[in-house]
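Protein chains get the first letters and strands the later ones, always in sequence-line order, with residue 1 at the start of each. Here the structure is a predicted model, which is why all the values come from computation and not from measurement.
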Amino acid sequence: MDVSYFSNAQRTIALIDVNNFYVSCERSFDPALKSHPVVVLSNNDGCIISRSNEAKALGIKMGEPWFKCQELVKKHKIKGLSSNYALYADMSNRVMTILSDFSPNQEIYSIDECFLDLTGFERKNILEYGQQMRNRILKWTGLPVCVGVGSTKTLAKLANHIAKKNTQFNGVCHLNQLREGELNRLFSELDVGEVWGVGRKLAIKLKALDIYTVLDLKQANSEYMRQQFSVVMEKIVHELNGTVCIELEEIVPPRKQILSSRSFGHSVRDFNSLAESISLYMSRAAEKLRSQQSLANIVQVYIRTSPFKLDEAQYGNGMTIPLPAPTDDTRQLVKVALWALKRLYKPNFNYAKAGVCLSDMIPRASAQFDLFASEQSNSRSTRLMSAMDCINAKMGRESIKLASEGFARPWKMKQGNKSPNYTTRWDQIPIASKN
DNA sequence: TATCGTATCACAC
DNA sequence: CTAACGGTGTGATACGATA
């Protein structure tokens, strides 16, 4: 009987995840990095956000501030690279395109992971299929990936984790092909915190209820879990037992909020520097807004000092401004943001961060014309913005911009050790050496 | 009373 | 040289305000 007639038919879902993604991208273009422990740093070279296996083995922790690791760094010659998002985004596109050939149903879940629906694929070939994915991605991009397969997204995630930690799986783990005893053994050895959706706090709360391992959680009563926690936890329990509660989302819904914020390379005290940064961030946010064909109804702006500088005076404040009419016009949005900044700004503080957020969006297609603006001015705005986006797409970011975004940018972030843009800038491709 | 808006929390990557 | 600690997005829940 063909079980696929039933909506609750068992599914086969794969989760493919690049190992140590950012570090692997860097290594793919600079093989010399392969012989060193390597980490990639967040903006401003602040925190560690990707680690090679060697770095993990040395005890370098995820999210750790870089300056706090300098002892270990010197001792073991750990390389710390500034993040190069243009490179990572480009590599991500390549990986996702390759994987899209393996199934008609793909959900790109994050920059380095995607789900593929393999329901109906010949069961016994799936392990081999996973190996094909790994081989092709390695050959075409130089990136190592692992493949986890299960009957729900939550199980596929776990399978991926198991494939990464246990070398005997050779990078591909299919939970539905394990014997029940073997599955239970694996689950009983996995901390409950490894489950997708169970973070630090929930893990503590679960353990207080004697739920320590993935197996414990799988065998928990879902009703009870809902009552003790939330619907989220109830769904997790069902998913661990093979019942789909979290569907594959193939079409990416438009963002509901668009945020652009950054810490400064050095703290700033003057209004003008803040105004420049706010203008720049708003320009970025507005570009994203237009690229998803939305108009925003609400603008938020905030500034704050550094919460880590305990000896300095602290101040942080934000403002939410509802717009008279939804818009995607950079000039209008910047104007509103600067208006807000004037009211938020207080002199004599060392500001460390500023940001803007656009929200309450509507699709541009459904926009009503602003009754108080002429039709002519609306279409002029649209045409100007399209022209700006076009020029910047063709000639490179910031070929054309508002003067208020600034030129000197004393607040610009630090990137002490950034790799070249190997894949997106011709002028940064290293000349091949003869060897 | 039902719903709304908003702040807060938790989580992922 | 010294100081130096990310950014973006989602969903659930709690709670007072509002229609």
**OP:** Taking the six-membered ring for Trp and the full ring for Phe, Tyr or His, determine whether the centres of A:Y22 and A:Y85 are under 6.0 Å apart.
**Re:** yes
Original post:
Base, sugar-phosphate, or nothing for A:Y109, non-hydrogen atoms under 4.0 angstrom?
Top reply: sugar-phosphate
Subject >> Sugar-phosphate only, base, or nothing, as touched by A:V195 at under 4.0 Å among non-hydrogen atoms >> reply: sugar-phosphate
Original post:
Got a sec, which residues hit side-chain hydrogen bond (donor to acceptor under 3.5 Å, both in side chains) with A:Y109, two or more places apart in sequence or on another chain?
Top reply: A:W196
Original post:
In chain order, what residues pass the ring pair (Phe, Tyr, Trp, His ring centres under 6.0 Å) check against A:F187, with sequence neighbours excluded?
Top reply: none
Original post:
In the 5'-to-3' direction, what one-character label does each nucleotide of nucleotides 2-8 of chain C receive under the scheme B = base within less than 4.0 Å of a protein heavy atom, S = sugar-phosphate only, - = no such atom?
Top reply: --BBSSS
Original post:
What pairs with A:F121 under ring pair (Phe, Tyr, Trp, His ring centres under 6.0 Å), at least two apart in sequence or on another chain?
Top reply: A:Y129
**OP:** Under 4.0 Å from any atom of DNA chain C, heavy atoms only: list the residues of residues 338-346 of chain A that qualify, in numerical order.
**Re:** none
Subject >> Residue pairs fulfilling salt bridge (charged side-chain N to carboxylate O under 4.0 Å, His left out) with at least one residue in residues 305-320 of chain A, sequence neighbours excluded >> reply: none
Original post:
How close or far is atom P of B:dA12 from atom CD of A:E194, stated in whole angstroms?
Top reply: 10 Å
**OP:** Before accepting this row, confirm whether a basic side-chain N of the pair A:D360/A:K256 lies closer than 4.0 Å to the acidic partner's carboxylate O.
**Re:** no
Subject >> Quiz item: cation-pi between A:K353 and A:F264, 6.0 Å / 45° >> reply: no
**OP:** Can you sort out the partners of A:N53 under side chain to side chain contact (heavy atoms under 4.5 Å, CB included), two or more places apart, ordered by chain and number?
**Re:** A:N20, A:K56
**OP:** Grab the NZ-P distance between A:K153 and B:dA12 for me, whole Å please.
**Re:** 14 Å
Original post:
Using a cut-off of 4.0 Å on non-hydrogen atoms, how would the nucleic acid contact of A:L202 be classed: base, sugar-phosphate, or nothing?
Top reply: sugar-phosphate
Original post:
Can A:R304 be said to sit on top of A:Y315's aromatic six-ring, NZ or CZ under 6.0 Å from centre and within 45° of the ring axis?
Top reply: no
Tabulated below should be each protein N or O lying under 3.5 Å from an N or O of nucleotides 4-6 of chain B; please produce it.
none

**OP:** Kindly write out the residues that satisfy side-chain hydrogen bond (donor to acceptor under 3.5 Å, both in side chains) with A:E64, not counting sequence neighbours, or none if the list is empty.
**Re:** none
Subject >> Any residue meeting side-chain hydrogen bond (donor to acceptor under 3.5 Å, both in side chains) with A:D329, in chain and number order, not counting sequence neighbours >> reply: A:R331, A:S381
Original post:
Partners of A:F67 by ring pair (Phe, Tyr, Trp, His ring centres under 6.0 Å), sequence neighbours excluded?
Top reply: none
Output one line per pair: protein atom, nucleotide atom from nucleotides 11-19 of chain C, and distance, for all N/O pairs under 3.5 Å.
unit_1, atom_1, unit_2, atom_2, d
C:dG11, OP2, A:K256, NZ, 3.1

Original post:
Knowing that exactly one of A:K394, A:R290, A:K288 qualifies, which makes a salt bridge (charged side-chain N to carboxylate O under 4.0 Å, His left out) with A:D389?
Top reply: A:R290
Original post:
Hey, does A:E113 reach any base, or is it just sugar-phosphate, or nothing, if we go heavy atoms under 4.0 Å?
Top reply: sugar-phosphate
